[in-house]
Amino acid sequence: MAVETQQNAQNTDEPVISIRGLVTNLGGRLIHDHIDLDVRRGEVIAIVGGSGSGKSVLLRSIVGLMRPQEGTIEVFGEDALATDETALRRLQQRWGVLFQEGALFSSQTVAENVQVPLREYAKMSQELMNEIAAVKLAMVGLGEDAATKFPSELSGGMKKRASLARALVLDPEIVFLDEPTSGLDPIAANAFDELIRNLQKSLNLTVFMVTHDLDTLRSIADRVAVLVNRTLKVGTIAEVMRDKDPWIQDYFSGPRGRAALGS
Amino acid sequence: MGSAMNASNPWFRVDHDGQTLRLTAGGPWTVYHAAAVDAGLRAIATNNASVAEIDASQVDALDTTGAWLLLRTRALFKDAGLKINRFDIPQNYQPLIGVIEREDLVAPAEVVTHVSLVAFLERLGRATHAVMIQGVGILGYLGRITVEWFKLMYAPQRHVRFTATVNQIEQVGINALPIVGLLMFLIGVVLAYQGADQLSRFGLDILTVNALGIGVLRELGVLITAIIIAGRSGSAFTAEIGTMKVNEEIDAMQTMGLNIDDVLILPRVTGLVIALPFLTFFADVMALIGGALMCYFQLGITVPAFIRQLHEAVNVNTFLVGMIKAPVFAYVIGMVGCYEGLNVERNAASVGKLTTRAVVESVFLVIVLDAGFSVMFSILGF
Ligand SMILES: Nc1ncnc2c1ncn2[C@@H]1O[C@H](COP(=O)(O)OP(=O)(O)OP(=O)(O)O)[C@@H](O)[C@H]1O
Ligand SMILES: [Mg+2]
């Protein structure tokens with residue numbers, strides 16, 4: 001798989017995620033109205049938008065947890081909506097997901113949580129699994145003592161980090177992050193941004209992230225996709241900022257936006 | 001796993017060159033291949049070398065797991081007192097190494113479990129202790145809820161949650177009618193059939209009605225209904241309250257100043273105490289109908305004859321002896337269900353465990369109480 005990564009790294013033009021004409025209707029409410037989006041290999045794309053605008057739903061649709069009413073979603077060139085069980089499992093090994101609420105398995109310790117994908121997909125000794133769990137936890141800034149704790153014994157931010165460690169444990173090609181830095185203190189959030197950048201560079205990782213954090217946006221997002229009025233406006237921060245849409249103007253030119261983007 | 005993963009294998013080679021130990025590594029060093037080199041790397045003998053050179057420049061795929069293996073090996077060499085002269089990895093993986101290198105890592109120690117007589121005794125002791133604690137806990141809770149009940153009557157700022165109670169009556173009572181009715185009907189059929197089978201040998205066919213009437217009204221009607229309700233509603237109480245506990249909903253209620261007993265517990269227990277006598281009555285009727293039907297087909301006892309015989313066999317006391325147990329059983333079932341729900345810890349497995357426990361405990365207590373009632377009624381001469 002990693003060999004593949006290397007080869008594919010050459011043809012960066014090929015989008016890893018390609019969405020066309022996506023329509024989502026939930027409970028009689030139109031959430032997405034014919035959305036198109038291409039995510040390129042190795043980029044960090046940030047999805048922003050108001051609360052309840054359908055960012056999480058978009059993410060869940062791509063990873064196959066929700067079915068849109070219309071449209072196509074291709075991941076690594078495979079139709080993510082039509083794939084059979086085995087193809088879907090193969091896809092699932094190639095992405096990791098960090099859910100907004102963490103979604104750790106409550107009856108397992110943090111270390112066991114992180115080892116779940118290892119146990120499922122990679123054969124190795126328990127000793128090595130323990131070591132890898134420790135490496136991943138350290139990478140996301142969780143100490144040794146957290147490894148043996150249960151999710152109910154963690155703070156909100158710690159849960160998020162543990163969940164991130166689990167999402168990253170197979171070194172996936174794409175990570176989907178739903179508000180990864182919310183609930184982290186600013187220093188940890190910066191460290192997290194840096195971590196994503198490092199991983200992204202060394203593993204040619206594609207990052208699809210939903211975020212409200214303007215600092216994250218400025219420091220690591222290559223492109224931004226803004227979900228307003230049920231459609232996406234995609235571009236670099238500079239491009240998107242020029243849009244006349246009132247929500248976008250408020251978002252980037254409000255006090256927080258100005259502080260973060262230094263304009 | 002995809003075929004791409006078996007495309008090639010990771011490898012490493014160890015050469016000793018005088019004082020120098022040279023480790024050369026290549027191939028894909030990823031999480032899917034790690035098992036192939038893990039044990040070998042751990043077992044490298046340093047053979048009184050004083051300098052180590054690690055050349056991983058031929059590694060063509062590296063992820064965190066592979067990087068960890070390389071760094072772990074380097075640390076191993078360092079710990080053995082070797083000086084690391086070279087540590088080469090492909091340029092594009094340098095940032096990855098950097099990320100892991102920063103951390104001062106210690107793999108967590110394994111928890112060792114002993115299998116021995118001592119461990120067995122320890123478990124036995126713990127289990128015994130747990131049972132006692134549990135018994136005291138339930139008894140304490142029973143008392144507390146009873147006290148809460150009476151306080152509710154007098155405290156002006158608290159009031160009976162009427163809507164919630166009615167809602168519970170619907171859920172535990174009315175919605176249970178079909179299953180209770182069907183099962184009791186079938187039990188009536190079975191009892192009459194077995195009774196007829198035995199008694200007709202002695203020519204005492206008609207006594208089947210007596211056996212059925214007394215058996216159902218005194219014991220089986222209420223007992224089986226209570227057991228069905230323990231499985232159906234006692235478990236639901238535990239699961240509902242337990243899930244609320246997991247989601248911190250109970251904590252949220254407490255911070256809003258809502259009284260958990262008033263809002264969650266008392267409506268459930270009260271609803272069940274009101275509903276179970278009615279269910280029991282319904283169950284009695286259904287079992288008798290089932291029995292009457294069987295008597296007609298099996299023994300040719302007509303319905304009027306059945307009623308006449310039943311009238312002679314049982315009196316109001318027989319019926320009341322059964323009915324009086326219903327609210328007591330209901331109280332115990334509801335109380336145990338809620339108690340275990342509140343004991344749920346904040347993980348999913350705990351909900352399942354305690355739901356099972358609630359059903360087992362309430363069925364156990366119902367049967368024990370039933371035995372107690374039997375003894376009491378026989379002493380009182382009912
Ligand atoms: N399973 C569902 N059934 C019905 N409606 C849903 C469902 N999931 C989400 N919605 C609705 O879809 C809309 C978008 O929800 P979504 O979770 O994507 O918001 P979001 O953009 O992620 O917001 P936030 O920033 O607050 O997380 C909301 O109005 C929500 O009520
Ligand atoms: Mg969301």
Side-chain angles (χ1 to χ4, degrees), chain A residues 1-7 9 86-87 89-90 93-94 104-111 117-118 121-139 141 143-148 150-153 168-172 191 194-195 197-204, chain B residues 1-5 7-8 10 27-39 41-42 59-69 71-72 89-100 102-111 245-246 248 345-353:
Chain A
M1 179 173 305
V3 185
E4 265 175 10
T5 317
Q6 285 279 296
Q7 288 158 354
T86 42
R89 261 175 87 83
R90 214 167 43 240
Q93 283 177 63
R94 297 172 69 182
L104 292 168
F105 304 126
S106 54
S107 51
Q108 297 182 341
T109 63
V110 167
L118 290 179
Y121 291 120
K123 296 259 170 301
M124 57 174 69
S125 67
Q126 181 63 44
E127 205 177 358
L128 184 57
M129 284 203 280
N130 288 346
E131 291 171 0
I132 293 173
V135 171
K136 295 291 172 175
L137 289 173
M139 279 169 69
E144 244 183 294
D145 47 332
T148 51
F150 285 91
S152 53
E153 298 163 349
L168 290 177
V169 73
L170 289 176
D171 286 299
E194 193 197 334
L195 165 72
R197 252 297 170 228
N198 274 330
L199 285 172
Q200 192 262 333
K201 269 192 229 135
S202 52
L203 295 171
N204 199 26
Chain B
M1 278 183 257
S3 55
M5 272 159 258
S8 60
W29 282 55
T30 72
V31 62
Y32 300 104
H33 304 94
V37 289
D38 175 35
L41 286 171
R42 267 183 224 282
V59 167
D60 52 28
L62 189 73
D63 66 5
T64 347
T65 304
W68 161 251
L69 287 174
L71 289 170
R72 188 187 72 187
I89 55 153
Q91 194 52 43
N92 53 327
Y93 294 122
Q94 207 65 56
L96 177 63
I97 295 282
V99 170
I100 306 175
R102 265 211 324 252
E103 314 293 346
D104 181 23
L105 290 167
V106 204
E110 292 261 357
V111 182
K245 196 99 192 279
V246 174
E248 295 184 283
E345 287 160 35
R346 285 188 49 204
N347 66 69
S350 170
V351 179
K353 198 174 112 194

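Because only heavy atoms are used, hydrogens play no part in the values below, and waters and symmetry mates are left out as well, while side chains stay in.
Taking CD of A/Gln108 as the start and CG of B/Asn347 as the end, the distance is 10.5 Å to the nearest 0.5 Å. Of the inter-residue distances, the one linking A/Asp171 atom CG with B/Thr30 atom OG1 reads 8.5 Å to the nearest 0.5 angstrom.
B/Leu71 does not touch chain A: none of its heavy atoms, backbone or side chain, sits under 4.5 Å away.
In this structure, B/Asp38 and A/Ser125 have side chains that are in contact, with non-hydrogen atoms separated by less than 4.5 Å. Here the side chains of A/Gln93 and B/Tyr32 are in contact, with some heavy-atom distance below 4.5 Å. For the pair B/Val31 and A/Leu118, the minimum side-chain heavy-atom distance is below 4.5 Å. The closest side-chain heavy-atom distance from A/Val135 to B/Thr64 is below 4.5 Å. Annotation: side chain of A/Leu128 is in contact with side chain of B/Arg72 (closest heavy-atom distance under 4.5 Å).
In plain terms, the two heavy atoms of B/Ala348 and A/Ser106 that are nearest each other are N-OG, 2.6 Å. Scanning all heavy atoms of the two residues, the minimum distance from B/Ala35 to A/Met124 falls at CB-CA, 3.9 Å.
Residue with the most contacts toward chain B among A/Arg197, A/Lys136, A/Glu153: A/Lys136 (heavy-atom pairs, distance under 4.5 Å).
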